[in-house]
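Written out below as structure tokens is the structure these notes cover.
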Amino acid sequence: MADGQAMDEVVTFTSDLIRIDTTNRGGGDCQERPAAEYAAARLAEAGVEPVLLERTRGRTNVVARIEGTDPFADALLVHGHLDVVPAEARDWSVHPFSGEIRDGVVWGRGAVDMKNMNAMILAIVRAWAREGVRPRRDIVVAFTADEEASAVDGSGFLADEHPGLFEGCTEGVSESGAFTFHDGAGRQIYPIAAGERGTGWLKLTARGRAGHGSKVNKENAVTRLCAAIARIGAHEWPLRLTPTVRAALTELAVLYGIEPDLDNVDRLLEKLGPAAKLVEATVRNSANPTMVEAGYKVNVIPGEAVAHVDGRYLPGGEDEFRTTLDLLTGPDVEWEFQHHEVALQAPVDSATYARMRAAVEEFAPEGHVVPYCMSGGTDAKQFSRLGITGYGFTPLKLPEGFDYQALFHGVDERVPVEALHFGVRVLDRFLRTA
């Protein structure tokens with residue numbers, strides 16, 4: 001198993017990567033190259049030959065392959081993104097790019113999303129080199145750019161332009177799963193992601209008649225847009241259960257000793273209490289207005305108004321999503337996808353899922369492993385173009401009261417050192433046997 005040096009290195013690597021500011025604000029201003037070079041150097045020190053690839057200058061990706069012992073086995077992709085979302089230093093208890101280690105916790109942007117996983121991968125690969133370990137399957141390691149925006153410079157670029165690097169890969173693991181979810185009643189649940197809702201980031205455009213703000217105007221673009229936004233925000237999407245969510249609800253019901261009544265899901269969610277958080281965002285499509293742009297002077301009615309909506313749809317739910325948006329926007333507002341990616345679903349009865357479950361249970365025997373579907377999306381969407389089935393598996397053992405999911409893109413993002421150690425042990429166990 002992973003040695004003491006690996007435990008030290010995973011903490012050091014997490015801190016070092018946090019200190020490399022890879023903020024992705026969208027629009028192409030991010031520079032992942034320093035973090036990519038750092039990761040590539042750590043791999044090269046372990047005798048692994050990394051390839052650095054860019055679609056756009058400075059937007060660097062790293063890919064490497066570790067040869068397995070079984071030449072007939074399918075390869076496994078293990079991937080993590082190098083970029084992070086913005087952070088306002090004035091809002092934080094510590095500087096978000098300090099990588100400070102305080103009281104057994106590593107602080108900073110990327111501590112959970114997802115420089116922790118990148119550090120685990122590096123620590124494990126280096127431990128294998130020291131021990132002379134080879135996994136059963138070929139392991140393809142990828143550190144990507146641009147996941148926090150469109151992924152066009154990252155996994156999308158790799159999948160479209162360099163598919164040969166992923167030859168033989170049939171499955172992949174990345175963020176976000178196998179973390180401790182405390183239900184407040186003493187149970188520790190470890191959800192493993194076996195699905196993702198699709199991404200539909202929308203631009204809404206309302207057009208009307210420009211004019212003076214003091215005049216009656218029945219063709220006001222702002223009014224038309226706001227009416228559409230209000231309809232979208234108030235819409236009650238119908239219940240839709242995918243196989244992954246059905247499995248999650250069934251296993252959670254068994255854990256809580258209640259009837260898995262899938263004909264009355266809202267009532268079932270009430271009975272699950274805090275554990276309902278693991279599934280409640282993925283029993284329906286959703287569309288949340290997030291940005292509005294209109295006008296340039298208070299007494300001028302603009303001829304155009306624009307809004308942006310974060311839409312997500314379940315596997316099999318895209319047609320319903322499109323049809324519903326047509327109805328909600330109405331005849332006076334046009335909508336289009338600004339970013340559009342598929343929904344994903346992975347089998348929960350696969351050998352790979354069983355091995356992930358076994359790895360968690362070995363080091364957290366008190367835990368209860370369940371499948372779940374992510375409400376958002378990851379680079380697994382782009383890699384699915386290559387026929388790679390994606391799972392979310394970034395193992396972390398977290399203390400009660402540690403709101404892991406709230407720290408994604410949140411203030412004071414941090415990860416306990418002990419959680420990193422647990423992650424290395426579990427991920428190492430899984431990758432050796434996968």
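Heavy atoms only: backbone and side chains are in, while hydrogens, waters and symmetry mates are out. Along the sequence shown, residues carry numbers from 1.
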Under 30°, 30 to 60°, or over 60°: which ring-plane class applies to H340 and F337, parallel, tilted or perpendicular? parallel
Please answer whether the main-chain N or O of F97 pairs with a side-chain N or O of R109 as donor and acceptor at a distance below 3.5 Å. no
Any side-chain donor paired with an acceptor under 3.5 Å for T180 and Y190? yes
Is it true that R207 and E304 have a side-chain N and a carboxylate O under 4.0 angstrom from each other? yes
Hey, are E366 and K397 close enough for a salt bridge, meaning a charged N less than 4.0 Å from a carboxylate O? yes
Using a strict threshold of under 4.0 Å (side-chain N to carboxylate O), is an ion pair present between D428 and R432? yes
Please identify which of these residues, L204, V333, N288, meets the side-chain contact (heavy atoms from CB on, under 4.5 Å) condition with I232. L204
Is the closest basic N to carboxylate O distance between K381 and E196 below 4.0 Å? yes
Presence of salt bridge, D319 and R322, under 4.0 angstrom: no
Name the orientation class of the two ring planes belonging to Y353 and Y391 (parallel below 30°, tilted from 30 to 60°, perpendicular beyond 60°). tilted
E167/R65 salt bridge by N-O under 4.0 Å criterion: no
Okay, side chain of D83, backbone of C30: is any donor-acceptor separation there less than 3.5 Å? no
Checking R137 side chain against G68 main chain: does a donor-acceptor pair fall under 3.5 Å? no
Is a donor from one side chain sitting under 3.5 angstrom from an acceptor on the other, for T250 and R246? no
Residues E175, H81; criterion side chain to side chain contact (heavy atoms under 4.5 Å, CB included); working and verdict: CA-CA 9 Å; E175 57 179 338; H81 62 85; 3.1 Å; yes
Could you tell me whether a side-chain N or O of K115 sits under 3.5 Å from a main-chain N or O of L17, the two making a donor and an acceptor? yes
Does R312 use its side chain to pair, donor to acceptor, with the backbone of A343 at less than 3.5 Å? no
Does any N or O in the side chain of E32 come within less than 3.5 Å of the main-chain N or O of D146, such that one atom is a donor and the other an acceptor? yes
Salt-bridge contact E341-R385 (side-chain N to carboxylate O under 4.0 Å): yes
Between T23 and D21, a side-chain donor and acceptor under 3.5 Å: yes
Backbone N or O of W201 within a donor-acceptor pair of the Q338 side chain at under 3.5 Å? no
Hey, does the Lys NZ or Arg CZ of R240 hover above the aromatic six-ring of Y313, less than 6.0 Å from the centre and inside 45° of the axis? no
Quick one: does any side-chain atom of R224 pair with a main-chain N or O of A305 as donor and acceptor, under 3.5 Å? no
Would you tell me whether R414 and S93 have side-chain atoms, one donor and one acceptor, within less than 3.5 Å of each other? no
In plain terms, say whether D261 and R267 are close enough for a salt bridge, that is, a side-chain N and a carboxylate O under 4.0 Å apart. no
Charged N to carboxylate O under 4.0 angstrom, R355 versus E171? no
E362 vs R429, salt bridge (Lys or Arg N to Asp or Glu O under 4.0 Å): CA-CA, chis, key distance, verdict: CA-CA 9 Å; E362 179 175 335; R429 167 72 165 77; 2.3 Å; yes
State whether the side chain of R187 and the backbone N or O of H368 hold a donor-acceptor pair below 3.5 Å, judged by distance alone. no
Does Y38 have R42 sitting over its ring (NZ/CZ under 6.0 Å from centre, angle to axis within 45°)? yes
